[in-house]
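Scroll down for the structure; my scribbles are underneath it.
Every chain is numbered from 1 and lettered A, B, ... according to where its sequence line falls, protein lines coming before strand lines. Values in this document were obtained by computation on a predicted structure and should not be read as measured data.
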2 protein chains.
Amino acid sequence: MTRSAPPPGNLDAPATTVDEALDRVRRNGGRVTSSRRFLLRALFTAGGHRTAEELAAEVQDQAPDVHLSTIYRNLEELERLGVIVHAHLGHGPATYHLASAAHGHFVCEVCGTMIEAPDQLFGGLARTAKTEFSFTIDPHHFAVLGRCARCS
Amino acid sequence: MTRSAPPPGNLDAPATTVDEALDRVRRNGGRVTSSRRFLLRALFTAGGHRTAEELAAEVQDQAPDVHLSTIYRNLEELERLGVIVHAHLGHGPATYHLASAAHGHFVCEVCGTMIEAPDQLFGGLARTAKTEFSFTIDPHHFAVLGRCARCS
DNA sequence: GTCGATGCAAACGTTTTGCACACTG
DNA sequence: CAGTGTGCAAAACGTTTGCATCGAC
């Protein structure tokens, strides 16, 4: 989470703390509930790519009654507010992480290993997709599948 | 296995006719059934990206009793034999097409428009993924999401 | 008190599986 | 006749939704 230099040209910069995210929820007409606080705490700690089910388990450690459907509804809301994003890393459930940590993914279709791909790797593809097809790629949303070193 | 005009550099070249594909099924210990023949006919005619459900509908036009689960089982077998491949074009059902027609995809995450992406567009990404991460990308399996001209 | 959020159960869409029967080779 | 393929129903899986109630502001 790079604090010092805020991402350029983004009016709605990603929230960097739980409270900042909750403020944003409130400013958008939402309520600050304990489910949301727990979910945000889970999202802001230990990072990584976690599924709704994994996040639910973490939240339920502290608040056992929080239902999976609440997790899904809150994840949707937090994504709408730009606090988090989700990515599809192949078959199986989507994974969620902080918007500030967005990046591309390479996923091995044999063993499932995931490699975080720096954005500049996609520069060339982004450019040609744009000039040849007027298509603006979003390299974060779906992983690029393939084979890792061990499996190819 | 390799017939008159095999595509270059591929030991197990994609079948180019229904009967060739059925031969391959038989050679691998499978049986030639009418479900399989109808499914292959559907796959070999009119091309395009079709979901299991769409293929089932086409098959059922001629053989109403063929069940969707049979379609799925046969698609799996045909993919194992290298006759077809499937691709994920975003959320929603997978699409199937002949292995010989494999290509990449750009899919608009707003309107769903799909653009077929020539393989050479992925050359740069393939090269850097390989040299920097020893990762061999498969640009066909999952679409690259983004925004089309109208939606961006 | 208003209105948004929650728990729960039930539905959803896609795909897989267990089983008894039918068919191919 | 052996063993693969099939129809059907049911389950599996991740996710969404309807509804009555609860809780934040």
Side-chain angles (χ1 to χ4, degrees), chain A residues 19 21-40 49-57 59-60 62-81 83-96 112 141-143, chain B residues 19 21-40 49-57 59-60 62-81 83-96 112 141-143:
Chain A
D19 287 332
L22 287 172
D23 270 7
R24 190 179 303 197
V25 168
R26 196 159 17 212
R27 260 185 275 111
N28 277 72
R31 310 246 159 112
V32 173
T33 65
S34 53
S35 306
R36 284 183 180 163
R37 206 185 302 271
F38 281 124
L39 176 57
L40 281 165
H49 299 75
R50 278 163 300 170
T51 65
E53 200 124 24
E54 287 162 355
L55 287 163
V59 167
Q60 285 160 1
Q62 321 245 20
D65 282 355
V66 174
H67 199 271
L68 184 54
S69 66
T70 300
I71 299 290
Y72 274 110
R73 283 192 267 233
N74 283 338
L75 287 171
E76 191 185 11
E77 170 78 351
L78 291 172
E79 185 152 29
R80 213 177 48 76
L81 296 178
V83 175
I84 60 170
V85 294
H86 76 270
H88 300 275
L89 304 184
H91 308 109
T95 63
Y96 296 82
H141 190 182
F142 275 73
Chain B
D19 287 332
L22 287 171
D23 271 8
R24 191 178 303 196
V25 168
R26 195 159 21 213
R27 263 185 273 111
N28 278 70
R31 310 254 158 106
V32 173
T33 65
S34 53
S35 306
R36 285 181 179 166
R37 207 185 301 272
F38 282 124
L39 176 56
L40 281 164
H49 300 76
R50 278 162 300 170
T51 65
E53 199 125 24
E54 286 162 356
L55 287 162
V59 168
Q60 285 161 0
Q62 321 244 21
D65 282 355
V66 174
H67 199 270
L68 183 54
S69 67
T70 300
I71 299 290
Y72 274 109
R73 283 193 266 233
N74 284 338
L75 288 171
E76 190 184 13
E77 170 78 352
L78 291 172
E79 184 152 28
R80 212 178 47 79
L81 296 178
V83 176
I84 60 170
V85 294
H86 76 271
H88 300 275
L89 306 184
H91 308 108
T95 64
Y96 296 82
H141 189 182
F142 275 73

Enclosure of A/Glu79 CD (heavy-atom neighbours >12, cutoff 6.0 Å):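 Above 12, so yes.
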Helix axis bend for the helix from C/dG1-D/dC25 to C/dG25-D/dC1 - C1'-based end axes, five pairs, 10° rounding: 20°
Candidates D/dT6, D/dA2, D/dT15 - which lies nearest the side chain of A/Pro93: D/dT15
Nearest-neighbour nucleotide for the B/Arg31 side chain, D/dG7, D/dT4, D/dC25 considered: D/dT4
OG1 on A/Thr95 to CZ on A/Arg50, rounded to 0.5 Å: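 Reported value, rounded in 0.5 Å steps: 10.5 Å.
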Side chain to side chain, A/His86 and A/Leu75, heavy atoms closer than 4.5 Å: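 No; the side chains remain at least 4.5 Å from each other.
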Sub-4.5 Å side-chain heavy-atom contact between A/Tyr96 and A/Leu55: yes
B/His88 side chain to A/His88 side chain, donor-acceptor N/O pair below 3.5 angstrom: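 No - no donor-acceptor pair under 3.5 Å links their side chains.
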Outermost nucleotides of DNA chain C that come under 4.0 Å of a non-hydrogen atom of chain A: C/dC3 to C/dC8
How many Å lie between [atom1] on [X] and [atom2] on [N], as a whole number?
X: B/Glu77; N: D/dG5; atom1: CD; atom2: P; value: 6 Å
X: B/Glu76; N: D/dG5; atom1: CD; atom2: P; value: 11 Å
X: A/His86; N: D/dT15; atom1: NE2; atom2: C1'; value: 11 Å
X: B/Leu39; N: D/dG7; atom1: CG; atom2: P; value: 12 Å
X: A/Asp23; N: D/dC25; atom1: CG; atom2: C1'; value: 15 Å

Positions of residues 49-57 of chain A (non-hydrogen atom under 4.0 Å from DNA chain C), listed by number: none
CA sep, side-chain torsions, deciding dist, call: A/Arg80, A/Glu77, salt bridge (Lys or Arg N to Asp or Glu O under 4.0 Å): CA-CA 5 Å; A/Arg80 213 177 48 76; A/Glu77 170 78 351; 3.1 Å; yes
Toward the 5' end of DNA chain C, by each residue's nearest nucleotide, B/Ser69 or A/Asn74: A/Asn74
B/Ala94 vs A/Ser34, nearer the 5' end of DNA chain C by closest nucleotide: A/Ser34
Sugar-phosphate, base or nothing in reach of B/Arg73, heavy atoms under 4.0 Å: base
